Each structure stands twice: as C-alpha cells, then as structure tokens.
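Report on one structure; see the data block that follows.
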Amino acid sequence: MENHIIFEPLRFRNLTVKNRIFRSSISGRWDNYDGSGTQARINWEEKFARGGVGAIISSFVPVAIRGRIMPNYATINCDERIPFWRKVGEKVHEYDCKFILQLSHSGRQQDIGGIENLGKKALSSTSKTEPFHGFLCQAMTLAEIKETIQYFADGARRAREAGLDGVELHSANGYLFNQFLSSGINDRQDEYGGSLENRARFLLDVIKAIRKEVGNDFHLQFKISAVDYNNAVTFWEKPGNTIKDSIQVCKWGEEAGADAVHVSTGSLFPHPLNPIGDFNFDVITKTYDAMLSSGVETTRNYILFRKSFLHPIFNLLWNRVKKQLPPQAFSGDDVKDPKIKQLLIENQGRNLLDSREIKKHVNIPVLCTGGLQQASYIRQAINDKYCDGVTMARTLIANNDLVESFQAGKDLADKPCTYCNKCLLNVIENPLGCYEQDRFNSYEEMMEEVMSVFHANQFANSSK
C-alpha cells in the first residue's frame, strides 16, 4: 500500500517535520507535585519518538500554578523548569522527532487544583459555575488578564531557551482560551466579551505577546474547538461557537502571527465528541472519587456513574449529540473484521469536515485530531485537502509503533485501538496507558506495558 504522502515532510514557516503524523497532547500524572519533571515523563515521550511520529505535542503544560488543571504535570511557570524541558527535547531529538510544548491554563476547568489553589476560585472569562462538574470560578480582572498574557509569553520564551521546536496554545476543549472564545461561556461586558472580535482578543493578544517575546522565527500554533457543542450534555446551556466563528478566529490567528492551527471540538473535557468513543462506568466509578471535592456537581455525577439503574439517563445525555453528527467524510479502505470496521466508521476522523472548512480559509498548515489510526484514511484526508497533517493520542497509546507499521505498508495495526477510553478515565488516579485487557494476553502483560514508563532504562537494550 502506498503511504508516501504520510511520509512527506510537513513544512511550516519556522519548522519542518519529517512526516505528517504528530503525537497529540495527552499525558499522565508522571511528574512531581510541585510541577518539576521526572524521568518517567522523559521515558513516556521517548516511547512515541521511538515509534516514528514526526513531532510530539506535549500534554498541557501550565504557565501558572493558579492555572493548573491537575497536579503531577510538569509546568513551565518559572525559569527553574527550563533544564528539565531541555532534557525532554534532547531525548526526543535523538529520534529525529520534533517537540512542541503545549502552553495551557485551566481557567475554570480545574479538575484538581492542588493544595496551592485550596480556597481559591479558578480564574475564567466568567463567574458562572462550570455546569458539568460544577467548578466554581471568578471572572478575571483586566489586570489578571494582562498578567496571564505575560505568563504565556514567558512560557514561550522558556520553551525556546530549552531548545524545543515550538509551542502550542491550548485554546480548545473548554480550557481558559476556549472560555473567552465561546459565545456559550463568555458573558463579559468589557473589551474581552460580547462580539466575536472581543472574545478572540485574549487569544490574539497572547499570540502577539509571544511574537514580541520570542520573535518571528519560532514555531507557534494554536488548538481550537471548531464547534463548541457547549450544550452537548448540559442541554440548558448555550451552544457556543459555530464553524463560521472559528474560521474567522483562525484567520485572525494567522494574521496575528500563528504558524498553524490544530482542529479539535467541544467546550469541555471529556466531551461526548472528544474523545469520541465509549464511556466505561466500571473505570470511572473507581477514579472519579478523586474529583469529588473539586466541584458542586461532582457528587451528582458520581451517583450517576455508580448506580447502574441511572446509566441509561447518563447515556441518553452523553450520546444524544453523536446522533446529530453528519455522515463520515469517507470510509478509507475496506476492513475485513466487521466489528473493527464499525468502530472506525463511528469514531475515526470526526473532525475532518470542520478541518476542511478551516483549511479553505487560511494559508497556514492545518492539523486535525480525532481517533485516526488507518493509513488509507489518513492518506485520503491529506490528499483531498481535509488537513495537512494529523494528530493522534489514544491510537498511539494502543500502538506506540503505529507509524512504523504504516511505513512497513500496513493499513491498520494488528490490534487497533477500540476507542474504549479506559486510558483517559484511568488517568485521574492511575498511570496513563492502554487498559483494554482484550488487547493483551493477560492482565500481567497489560500491567507490564503500563508500568514500563517507570523503568529507568526502558530502551537501553535495543537499538533505534
């Protein structure tokens, strides 16, 4: 099978990536509580660099402890973090792989704020409580907005000083930028609220501040939820931004100095469409208790998760928006296994139609995420100009060497990702990894793979 387009270099204004496959922004709680990094994170990133991806987009990296989403994620909030990120970059570069640091701020979507944020309401564009988990928040003052803009600029400077290849602004999936961008969330009456131009001002101010701090020759991209679907679960909320809104934001982002746009969906995380797939009650009832004190609606959710007779109610709310989705963009080559074929039809490439619309209106490369794992499907997406490259997370957790498989001519891994989402539901309390036991010969084998990231020299006895 010809997969040449997948392995053509992708050229941005300030960066060239060896192929069209990026590891998307996902990572577990590998690091120290204070935000300093560990060898486990270095090992984690090495897994994917070794497996052949052209670039890695890091997990969310907080630019301020006040904007932490969850403890035990390495931060970029001070200069003392630079040496660690330099080590990460150097390890990834050994495999001719680029490393892009995702600069983030939780805003009101603060799953576990940590002891440093105890008693503090999360900062946001709004003072409205987040409706799904019930996270409390307060609208940022103009002074706090200005201060946060500088936090992002400082984070970009530190990434550059660490020798990394670029940064991504996490302006999707319900985090702080999305809280400003979304018409369903932002209820401000000042210059950062109201019109789309005002709602986009925070993101554009950050892009401009980063350019002022690091210059025009350092790679900068932003991730955007093309459609908010803000009322997907909490149907009483406003729907939020449309694809038309996001096209305009992307055009402004390009004008402000962005080098690429990364297309996702949804104004919270997790979201019925991100990551699309299963919602496993057995796992969430074992892990969601870690969030019980985080929001005023978490007890309600926990009861819904734990009581099996309530599952149909949750499933009705969680899955209703999936039934409204348009047909898939295309189906890729035939897959013999009917179960796997149906999984691919339901879950693969669900953001491509939005990505294509954005690509029509910008001149910078467009990356698209969303359950991609089939070479023929990815090849067609790029050839037909739905996107310029793809990003993957769960499917690479399931098969770290998926890119090498494509290079060897395979269309699909022997044991594809099943979109069970057990990896993400586990990560609240447990190490990130593939927890779909059917993909392993035994529970012990699965645990050996999950825990391998903690081995000091996991690749010491094998060559690149």
Side-chain angles (χ1 to χ4, degrees), residues 1-25 48-49 52-58 96-102 165-172 207 216-227 243 246-265 274 328-330 332 348-393 395-396 402-403 406-407:
M1 184 173 292
E2 298 292 335
N3 290 328
H4 295 317
I5 187 65
I6 295 175
F7 294 98
E8 286 184 6
L10 180 52
R11 293 179 173 84
F12 303 89
R13 181 170 61 140
N14 299 306
L15 179 68
T16 299
V17 175
K18 67 182 179 183
N19 61 44
R20 304 301 180 96
I21 297 180
F22 292 57
R23 205 290 311 278
S24 192
S25 47
F48 303 97
V53 297
I56 290 171
I57 303 169
S58 77
D96 189 24
C97 178
K98 306 300 184 184
F99 193 82
I100 298 169
L101 194 77
Q102 188 186 72
D165 301 291
V167 292
E168 175 176 277
L169 301 179
H170 195 352
S171 41
I207 293 173
N216 294 320
D217 60 347
F218 186 61
H219 181 75
L220 167 60
Q221 63 187 51
F222 64 99
K223 189 175 186 180
I224 190 168
S225 289
V227 181
I243 183 63
S246 293
I247 288 169
Q248 182 59 67
V249 171
C250 290
K251 291 167 70 174
W252 287 334
E254 179 180 2
E255 292 169 6
D259 295 314
V261 58
H262 181 186
V263 178
S264 186
T265 195
N274 179 49
Q328 280 279 39
F330 40 85
Q348 185 173 216
R350 278 297 184 177
N351 299 322
L352 282 173
L353 292 174
D354 292 334
S355 175
R356 180 180 62 175
E357 291 307 306
I358 289 173
K359 182 168 170 55
K360 289 176 182 177
H361 294 89
V362 297
N363 298 305
I364 52 178
V366 175
L367 304 174
C368 186
T369 193
L372 295 145
Q373 63 174 329
Q374 188 181 10
S376 57
Y377 196 98
I378 296 167
R379 185 176 67 246
Q380 188 172 353
I382 298 171
N383 279 330
D384 292 354
K385 302 189 184 306
Y386 285 79
C387 60
D388 298 286
V390 302
T391 74
M392 306 175 182
T395 54
L396 285 172
L402 184 59
V403 180
F406 291 166
Q407 206 154 18

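The figures here come from the full heavy-atom set of this structure, side chains too, leaving out hydrogens, waters and symmetry mates. These numbers were taken from a predicted model, which means no experiment stands behind them.
- Side-chain atoms of Asp259 come within 3.5 Å of backbone N or O of Leu220 as a donor-acceptor pair.
- Note that the CD atom of Gln221 and the OG atom of Ser171 stand 10.0 Å from one another [nearest 0.5 Å].
- At least one side-chain heavy atom of Ile243 sits under 4.5 Å from a side-chain heavy atom of Ile358.
- With Asn19 contributing its side chain and Ile6 its backbone, the two residues share no donor-acceptor pair below 3.5 Å.
- Nearest approach of Val263 to Ala226, heavy atoms of both residues: CG1-CB, 3.9 Å.
- One finds no salt bridge joining Glu254 and Lys251 here, because no Lys/Arg side-chain nitrogen approaches an Asp/Glu carboxylate oxygen to under 4.0 Å.
- Side-chain atoms of His219 and Lys98, non-hydrogen and from C-beta on, never get closer than 4.5 Å to each other.
- Here CZ of Arg379 is found 10.0 Å from CD1 of Ile5. Values are rounded to the nearest 0.5 Å.
- Put simply, the side chain of Trp252 does not reach to within 4.5 Å of the side chain of Ile207, judged on heavy atoms.
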Evaluate the side-chain contact (heavy atoms from CB on, under 4.5 Å) criterion for residues Val53 and Cys97: first the C-alpha distance (whole Å), next the side-chain angles of each, then the deciding distance (0.1 Å), finally the verdict. CA-CA 7 Å; Val53 297; Cys97 178; 3.9 Å; yes
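- We find the CG-SG distance between Asp388 and Cys368 to be 11.0 Å, quoted to the nearest 0.5 Å.
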Can you check side-chain contact (heavy atoms from CB on, under 4.5 Å) on Leu402 and Ile21, steps first, answer last? CA-CA 10 Å; Leu402 184 59; Ile21 297 180; over 6 Å; no
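- Tested against Thr391 for a side chain to side chain donor-acceptor pair (under 3.5 Å), the candidates His262, Arg23, Glu168 yield a single pass: His262.
- Inter-residue side-chain proximity for Cys387 and Leu352 is flagged as met; some heavy-atom pair is nearer than 4.5 Å.
- Although no hydrogens or angles enter the test, the distance criterion places no donor-acceptor pair under 3.5 Å between the side chain of Asp165 and the main chain of Ile100.
- Between Cys250 atom SG and Ile364 atom CD1 the span is 7.0 Å, to the nearest 0.5 Å.
- Annotation: the span from Phe48 atom CZ to Ile56 atom CD1 amounts to 7.5 Å, rounded to 0.5 Å.
- Gln373 and Gln348 make their closest contact through N-OE1, 3.0 Å (heavy atoms, listed as atom of the first residue, atom of the second, distance).
- When all heavy atoms of Lys18 and Gly52 are compared, the closest pair comes out as CE-O, 3.8 Å.
- Asn351 places a side-chain heavy atom less than 4.5 Å from the side chain of Thr369.
- Here the straight-line distance linking atom CD1 of Ile224 with atom OG1 of Thr265 works out to 10.5 Å at 0.5 Å rounding.
- With Ser58 contributing its side chain and Leu101 its backbone, the two residues share no donor-acceptor pair below 3.5 Å.
- Here the side chain of Ser24 pairs no donor or acceptor atom with the backbone of Ala393 at under 3.5 angstrom.
- Just one of Gln380, Glu357, Arg356, Lys359 meets the side chain to side chain contact (heavy atoms under 4.5 Å, CB included) condition when paired with Tyr386; it is Arg356.
- Heavy-atom minimum distance, Leu396 versus Phe22: CD1-O, 4.4 Å.
- The minimum heavy-atom distance between His170 and Gln102, with the atom names listed, is CD2-OE1, 3.1 Å.
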